[in-house]
Number of protein chains: 2
Amino acid sequence: MKKNSFTTDDHKYLQVADGLEKMIAEDVLRIGDKLPSVRMLSEEYGISMGTAFQAYYHLEGRGLVESRPKSGYYVRFNHNRFRELPDCIEPTALSHEVSVKEMIASIYSDIVSDDVINFALAVPDPSLVPAAKINKSVVHALRNSKNHCIGYENTQGNAELRQQIAKLSLNWGGKIKPNEVVVTGGCLEAIMLCIKAVTKHGDTVAVECPTYFGTYQSIESLGLKVVEIPSDPSNGIDLKALQKAIKKYPIKAVVAVPNFNNPLGTCMTDDNKKKLVELVTGNNIPLIEDDIYGELFFGKSRPRSCKYYDTKNLVMYCSSLSKSLAPGYRIGWAIPGKFIDEVKQLKRIQNISSPSLTQAAMAHYLKNGRYEYHLKNLRKALHTQNLRYMQALIQYFPPDTKISRPAGGFAFWIELNPQLDSFKLRTEAMKHKISIVPGKIFSASIDYSNYIRLSFSKPWSDDADYGLMMLGKIIRKMVGNGQ
Amino acid sequence: MKKNSFTTDDHKYLQVADGLEKMIAEDVLRIGDKLPSVRMLSEEYGISMGTAFQAYYHLEGRGLVESRPKSGYYVRFNHNRFRELPDCIEPTALSHEVSVKEMIASIYSDIVSDDVINFALAVPDPSLVPAAKINKSVVHALRNSKNHCIGYENTQGNAELRQQIAKLSLNWGGKIKPNEVVVTGGCLEAIMLCIKAVTKHGDTVAVECPTYFGTYQSIESLGLKVVEIPSDPSNGIDLKALQKAIKKYPIKAVVAVPNFNNPLGTCMTDDNKKKLVELVTGNNIPLIEDDIYGELFFGKSRPRSCKYYDTKNLVMYCSSLSKSLAPGYRIGWAIPGKFIDEVKQLKRIQNISSPSLTQAAMAHYLKNGRYEYHLKNLRKALHTQNLRYMQALIQYFPPDTKISRPAGGFAFWIELNPQLDSFKLRTEAMKHKISIVPGKIFSASIDYSNYIRLSFSKPWSDDADYGLMMLGKIIRKMVGNGQ
């Protein structure tokens with residue numbers, strides 16, 4: 001009978017591990033507690049010794065338990081221990097010109113540096129990407145595409161790739177057709193084209209705050225004004241504040257990242273997504289949805305997108321393969337709803353079309369069904385890294401540190417001692433070849449000067465450990481010095 | 001002694017052919033004239049029979065002579081026969097908002113159609129491109145690049161590619177360093193970034209007229225005003241008109257295509273280029289130079305660029321590999337002089353960077369010195385096609401047709417009977433699956449409604465012959481019908 005309570009071997013160890021994880025989270029099992037032996041666990045749950053081992057191995061991989069030689073397994077970590085989340089600051093909700101900082105150029109200059117311990121970059125580590133399989137798809141594309149990809153691709157994008165992108169929409173409940181998709185040079189280009197398609201110079205756009213600095217730069221570069229809507233680590237964009245802003249300002253578009261918002265890592269609930277769509281599109285305003293992190297969930301299932309709740313074709317969905325597969329391929333897309341013709345035209349004016357080869361290669365890769373398998377591994381790796389990094393942060397950073405609990409994606413949003421200036425922290429850290437992103441650049445009006453975004457995209461390593469230890473030291477020293 | 005008058009076998013036949021070509025051009029040898037036999041030619045010039053054959057074979061390839069079975073060689077064509085060039089129309093030199101036509105979307109939709117006889121597209125035919133060699137470079141890039149090109153390239157572009165682009169500048173007399181180059185998604189993106197770097201919303205930009213419609217669209221899309229400066233098929237941009245315009249309007253940038261201007265095919269003289277640079281930069285205005293056709297000369301040597309004459313670092317040079325190698329790779333570049341930081345920042349805001357793989361592949365291709373060899377063949381093929389198409393135009397089009405004499409590039413600028421509306425001509429032609437570009441879209445203010453741009457980028461074929469014959473018929477019919 002006991003045997004029947006589990007359906008497959010694959011589920012057994014996970015169910016046991018989940019049970020233990022829950023007990024740790026609820027402090028039933030506390031840090032330092034000795035866990036049942038493998039034999040005891042096997043008897044208790046009616047599972048084989050091998051399965052019991054697998055359960056502990058799984059928890060160890062996630063940094064929750066540790067094995068001590070000749071002694072057994074112990075609870076090592078409880079990710080509910082740091083209960084306090086970073087504060088949500090109310091933006092001064094004035095419509096104002098965006099001003100963007102030079103810091104961003106310096107952060108991007110680290111992109112290709114090998115000798116920096118990079119906690120700034122939020123992209124999958126090369127070791128987590130199936131390069132050999134992608135290479136095969138490139139060679140396939142060279143051999144099998146029309147004219148070996150020498151000629152222009154059409155502006156809207158490779159037909160097979162759009163078919164595959166349409167298929168990906170099933171993951172978030174969408175029923176998108178290939179001709180609703182426009183391929184772009186990454187998600188940032190998609191967002192910029194979408195904003196531009198629905199605004200003219202001098203218009204006002206609402207964004208959640210804090211948000212990805214690239215979005216602010218796009219808006220500034222288009223000569224638009226911005227209204228910042230507060231977003232908090234638990235619930236995402238504040239719908240009441242947004243409602244007020246819509247009444248007060250002539251808002252022409254809203255830009256939001258409902259799934260694993262960068263830098264907060266928040267995932268809005270389905271209910272809130274629905275309300276967000278109703279509020280924005282109900283006022284006949286296009287909602288530009290950045291879903292670039294949507295596939296990188298740590299939970300049980302892929303969250304829905306706002307586009308799913310869009311009944312008016314006013315949600316302009318943007319995403320890419322840059323965070324989940326290959327940033328260097330620069331493959332993004334927009335599903336711009338009723339503004340598709342405008343977006344296509346703007347893409348043509350900007351650079352005619354994206355490269356033929358990279359599109360054909362990604363189309364082939366996606367078509368072979370390899371993406372889902374890769375994503376499973378990537379999510380698992382990121383979740384494990386998330387827990388490992390969290391442990392180290394708790395160990396090395398001062399106790400007044402507040403850390404977000406991202407439900408997906410790559411990064412922590414960290415609030416440090418109010419005395420600390422994270423621009424100066426970055427400068428100090430770079431002396432030790434450690435790169436982080438100061439919080440200040442995630443808002444146009446709020447002074448997030450004691451916040452940082454810290455990415456856990458690099459697999460755990462001695463370098464990462466050293467980097468976080470050094471960061472902790474530098475922070476303590478700076479706070480101690482009264483700056 | 002005779003033998004010594006020629007240095008290499010390669011030069012012998014070309015020199016003989018050039019001599020004959022000159023005599024044809026000057027009507028010393030007239031259409032229909034019998035040419036000396038191969039034996040006579042060999043004796044006359046003191047060359048081998050083989051070399052004499054080669055000379056005739058070369059001229060035949062260019063459509064200038066034809067061999068008649070058992071009779072010998074005859075003069076077939078004199079490309080000076082149509083003496084009249086298309087008219088240069090003075091634009092109404094008012095500063096005004098650009099208005100751009102829907103026609104462009106339709107033209108670009110032909111880009112990937114196989115069943116259209118395409119006289120619209122001005123890119124190298126796939127048969128003229130060394131696809132196998134490029135494929136090898138892609139595979140090399142996959143194997144030898146850091147992380148197999150999975151990661152972001154830096155915003156400024158692949159270092160080896162910038163090195164190679166810097167080397168290409170030697171062709172036009174430049175001494176450019178790799179760190180002066182920014183890699184872009186084709187030439188159009190380069191031009192747009194350069195214009196944006198030196199203007200703000202509402203500013204005025206001067207362009208030569210007629211010019212590439214993409215340039216007008218970029219300007220419109222940036223919210224800028226345009227002043228059109230007349231350009232004629234013989235001399236290019238009118239320097240006096242430009243001088244007047246600079247006095248009259250607050251011009252913030254000048255955009256020009258000094259080498260083989262699209263659609264005119266004009267190549268400005270070195271002297272005029274120097275004057276253009278002095279005039280524009282002397283007024284402290286940046287000159288945005290589009291040199292995309294510079295390598296596609298039919299003459300003896302690569303023309304210089306305006307950048308060569310730039311002493312103030314105010315010329316922003318733009319080019320790409322799209323017209324000379326592989327449009328689908330979307331590799332262009334800007335050499336923006338003193339505005340390099342602005343251009344880099346705008347590129348980052350737009351799409352972070354261009355794809356890693358296509359850049360690495362093109363860097364490898366260029367490094368292997370294969371580009372020069374390819375260009376030699378491409379130029380020869382285009383020149384031959386130019387002459388073949390010209391013959392057919394003379395044969396099929398009404399005698400009042402005026403045709404430009406491009407000195408390089410891909411296209412004829414053709415003035416038809418004033419009664420003819422080339423928008424309607426395109427519609428009629430498309431019924432027969434023949435695509436051309438109406439002249440109207442090459443200007444914002446001038447009514448080039450009886451002009452067309454006709455590309456000779458497709459190698460001569462029965463299809464091309466049929467297409468031009470049909471076009472001729474349609475034109476005659478439309479003019480006959482009084483429309």
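In the text below, chain A, chain B and the rest are named by the order of the sequence lines, each starting its count at 1.
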Is [X] close to chain B through its backbone or its side chain, or both, or neither, when contacts mean heavy atoms under 4.5 Å?
X        : answer
A/Leu325 : backbone
A/Thr358 : side chain
A/Ile349 : both

So which residue, B/Gly186, B/Gly185, B/Cys187, B/Ser353, ends up with the most heavy-atom pairs under 4.5 Å with chain A?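 Option with the top pair count is B/Ser353.
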
Using a cut-off of under 4.5 Å on heavy-atom pairs, state which of B/Ser221, B/Ala190, B/Ala131 scores highest against chain A. B/Ser221

So how far is it from B/Leu357 CG to A/Leu357 CG, rounded to the nearest 0.5 Å? 5.5 Å

Roughly how far, to the nearest 0.5 Å, is the CD atom of B/Gln350 from the CG atom of A/Asn351?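 That separation rounds to 7.0 Å.
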
Looking at [options], which makes the most heavy-atom pairs under 4.5 Å with chain B?
options                                : answer
A/Leu222, A/Leu346, A/Asn135           : A/Asn135
A/Ala326, A/Ser127, A/Ala361           : A/Ala326
A/Asp125, A/Asn147, A/Ile331, A/Leu142 : A/Leu142
A/Gly202, A/Pro327, A/Ser356           : A/Pro327
A/Ala132, A/Gly151, A/Ser218           : A/Gly151

Exercise: identify the closest heavy-atom pair between A/Ser354 and B/Arg330: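 Closest pair (atom of A/Ser354, atom of B/Arg330, distance): C-CG, 3.8 Å.
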
Tell me, which pairs form a salt bridge (Lys or Arg N to Asp or Glu O under 4.0 Å) where one or both residues lie in residues 184-204 of chain A, sequence neighbours left out?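 The answer is A/Glu189-A/Lys347, A/Lys200-A/Asp203.
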
Tell me, side chain or backbone of B/Ser322 under 4.5 Å from chain A's heavy atoms, or both, or neither?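 Side chain only.
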
